[in-house]
There are 2 protein chains.
Amino acid sequence: MEKVTVYTIAKNLGVAPSTVSKILRHTGNFSDDLRLKVLAYIKDIGYVPNASARVLKSRKSWTIGVIYTEESKIGLEHPLFSNILQTFKDSVEREGYDISFIVRQIGDNHMSYLNWCKNKKVDGVLIVVGSPYNPEVIELVNSDIPCVSTDIVKEHLHTIISDNRQGIELSINHALELGKKRIGMITGPLTATHLLYRFNVYKEVLKEKNIPFDEKIVISSKGFGFNSGYEAATILLDRNEEKPDLLLVGSDILAFGAIQAIVAKGLRVPEDIAVIGYDDIIFASMARPSLTTIRQNTKEIGKVAAEVLLDMIENNKPNHTAITRIPVELIKRQTT
Amino acid sequence: MEKVTVYTIAKNLGVAPSTVSKILRHTGNFSDDLRLKVLAYIKDIGYVPNASARVLKSRKSWTIGVIYTEESKIGLEHPLFSNILQTFKDSVEREGYDISFIVRQIGDNHMSYLNWCKNKKVDGVLIVVGSPYNPEVIELVNSDIPCVSTDIVKEHLHTIISDNRQGIELSINHALELGKKRIGMITGPLTATHLLYRFNVYKEVLKEKNIPFDEKIVISSKGFGFNSGYEAATILLDRNEEKPDLLLVGSDILAFGAIQAIVAKGLRVPEDIAVIGYDDIIFASMARPSLTTIRQNTKEIGKVAAEVLLDMIENNKPNHTAITRIPVELIKRQTT
DNA sequence: TTGTATGCGTTATCAC
DNA sequence: GTGATAACGCATACAA
């Protein structure tokens, strides 16, 4: 099987290579005769264009880089992020773009995010999981490569993220409707910007509702896992005579840990302490008691992120500070 | 900022472009003086090589294609597959390879898996989720592009997969130790080769142990989700006077559905019916009752798959029929 | 509407 | 040890 290029085709058909190229790229006008003849021959001979040559010449790679895992290594293992990436991938695919994971190891020497992107000539970048303080992320965002994020909020970055204010408001309103008076909170680590944001909103909404803020029923977990939730809830319960009657928890996973801790103290969910999670991962509906939670619309986040990024790429828009908030939804289940 | 290429470097340093290239690729011998001088200058001027040009010339892309989602669209959303991919990615990264999702849409026209791979000149392919009957998968596996799979078993394909015989044996032995006599099974859809395999092993092991096979306590679920498990268990329970006292279930997710169905019938888990799942997804330990299950070693699967594929790539080994089985582990929890 | 010439940035090959 | 040169496959400006 000979390697077949535009040249082969051109020669065998008695036309010029450029003609073949133009027909393939739908650029320029050609007689239907010629076009069909070339297309038919290409299919017949099994010609496949060479992406490298094309990228080299045209400076466009039709590839989007994805930052998906940092030091934390949660990346692919967190269902929330996987879901967002899946929708994003489907959306950009439809426009002809591929997805490639950004890596900082080429052979045995380290390569920065930005250099990797330059090396691969990616057209844009999606930051699904990243640290806003990582110098390499900063460098990338400040470059002229279009970036969007579905995670971190930063200067010069367009972020597509859940409407976390709405999430907290929905939670607190639901709690009040249930007649709950002592609404506590277990946040995740406050180093995560969106968790800090939610905590601040929590305090603001309490103030608006004239509910006193009591720091004794608020705690920040050490990590993001089940055990962190268990641990945080245990500490919180131990230090309170007058326990909270409802807990807002930073994620569903943490919430499951907290529920176990509550049960371990001999208290009932939701009778003694109700629990509202965040995310609506698939297990929220499967667990018993099933978890009342704030559903993040991962499909919409992925889809909008794709739209924003492709718009930047195709219309040459530079990186800019922006936040697009995607509405969330309160899903009432058995824990409230 | 001028674009800087090997040519620029060569000119400014008074050497030949080929020399620069060779120093960068650690190929050929050079005086330490020259090498250090070139390396220093490259760092100084901020040179980033162009991957396309390199691929074009050298015919090696340092990229591995991943088939991760087919019609089913489960792909990224299934934690088992995500975990395998994560480890695989980490392993190949360390050797300098990137991961790129294989896509069949380039611009507005469809492209087969094989053509995509040729187009991108990928060095190898990992099939994380695929159908063994898909003509495009078959075409790819029969090509000279190295492939491994962590999912499907096929001619001409090296598959790295859990030791499912061991998994079934461990489950049944555990059941017998618990004094269970009527061991039923809820398999997933038997169109999945590994699920069919497990079902066959189940029958074999029963025979070895002289336990009669009763098709009334065996059922195949319609799908892979929680509801499929619920539905299958309900049907199974409804049609039996003498109910099973233990159920082997094809996956943890299905098992959770089955447990709900059992409870809905007013039966207790594990007292009336014990349940053993498969996979050990993270929720297995979080649920109440926590799920006894067969843990698949996703890290090992991903790691071995990387080793096998890189060996094929780097030593020019063609596709071949093979199965590497990774040991599983019985995790005893509250459902038994 | 079609063809010609050139270059994208790198590396393989051969020569010195 | 180091350099000159061609070629990888395609797309573009320009010419016809």
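No hydrogens, no waters, no symmetry mates; every other heavy atom, side chains included, goes into these values. In what follows, every chain begins at residue 1, and chains take the letters A, B, ... in the order their sequences are listed.
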Nucleotide interval of DNA chain C bounded by contacts with chain B (heavy-atom cut-off, under 4.0 Å) = C/dG9 to C/dT13
request  = Have a look at A/Leu24 and say if it touches a base, only the backbone sugar-phosphate, or nothing, with a 4.0 Å heavy-atom cut-off.
outcome  = nothing
task = Compute both the distance and the angle, then confirm whether B/Lys89 meets the cation-pi test with A/Phe101: under 6.0 Å from the six-membered ring centre, within 45 degrees of the axis.
result = yes
ask   = How do B/Gly14 and B/Leu56 order along DNA chain D: which one's closest nucleotide is nearer the 5' end?
value = B/Gly14
task = Would you check if the side chain of B/Asn115 reaches a backbone N or O of B/Met111 as a donor-acceptor pair within less than 3.5 Å?
result = no
task = Using a strict 4.0 Å threshold on nitrogen-to-oxygen distance, state whether B/Lys120 and A/Asp98 make a salt bridge.
result = yes
inquiry  = Tell me whether the NZ or CZ atom of B/Lys60 lies within the 45° cone about the ring axis of B/Trp62 and under 6.0 Å from its centre.
reply    = yes
inquiry  = Considering every strand and a 4.0 Å limit on heavy-atom distances, what is the contact class for B/Val15: base, sugar-phosphate, or nothing?
reply    = sugar-phosphate
key: Toward the 5' end of DNA chain C, by each residue's nearest nucleotide, A/Lys22 or A/Tyr7   = A/Lys22
message = Considering every strand and a 4.0 Å limit on heavy-atom distances, what is the contact class for B/Pro49: base, sugar-phosphate, or nothing?
response = sugar-phosphate
ask   = Looking across every strand, which nucleic acid part, if any, lies under 4.0 Å from B/Ser21 by heavy atom: base, sugar-phosphate, or nothing?
value = base
task = Check every nucleotide of DNA chain D for an atom under 4.0 Å from a heavy-atom of chain B, then give the first and the last such nucleotide from 5' to 3'.
result = D/dG1 to D/dG9
query = For A/Thr5 and B/Asn29, take the nucleotide of DNA chain D holding the closest heavy atom to each; which residue's nucleotide lies nearer the 5' end?
reply = B/Asn29
What side-chain donor-acceptor pairs closer than 3.5 Å can you find for residues 42-51 of chain A, not counting sequence neighbours?
unit_1	atom_1	unit_2	atom_2	d
A/Asn50	OD1	A/Ser52	N	2.8
A/Asn50	OD1	A/Ala53	N	3.1

query = With no hydrogens and no angle check, do the side chains of B/Ser162 and B/Gln296 hold a donor and an acceptor under 3.5 Å apart?
reply = yes
message = What contact category does A/Ser31 fall into here, base, sugar-phosphate, or nothing, at under 4.0 angstrom with non-hydrogen atoms?
response = sugar-phosphate
query = Is the A/His320 to A/His158 ring centre distance short of 6.0 Å?
reply = yes
ask   = Is the closest side-chain heavy-atom distance between B/Thr150 and B/Thr159 below 4.5 Å?
value = no
ask   = Which is it for B/Val20 and B/Val15 under the side-chain contact (heavy atoms from CB on, under 4.5 Å) test, yes or no, and what are the steps along the way?
value = CA-CA 8 Å; B/Val20 176; B/Val15 300; 3.9 Å; yes
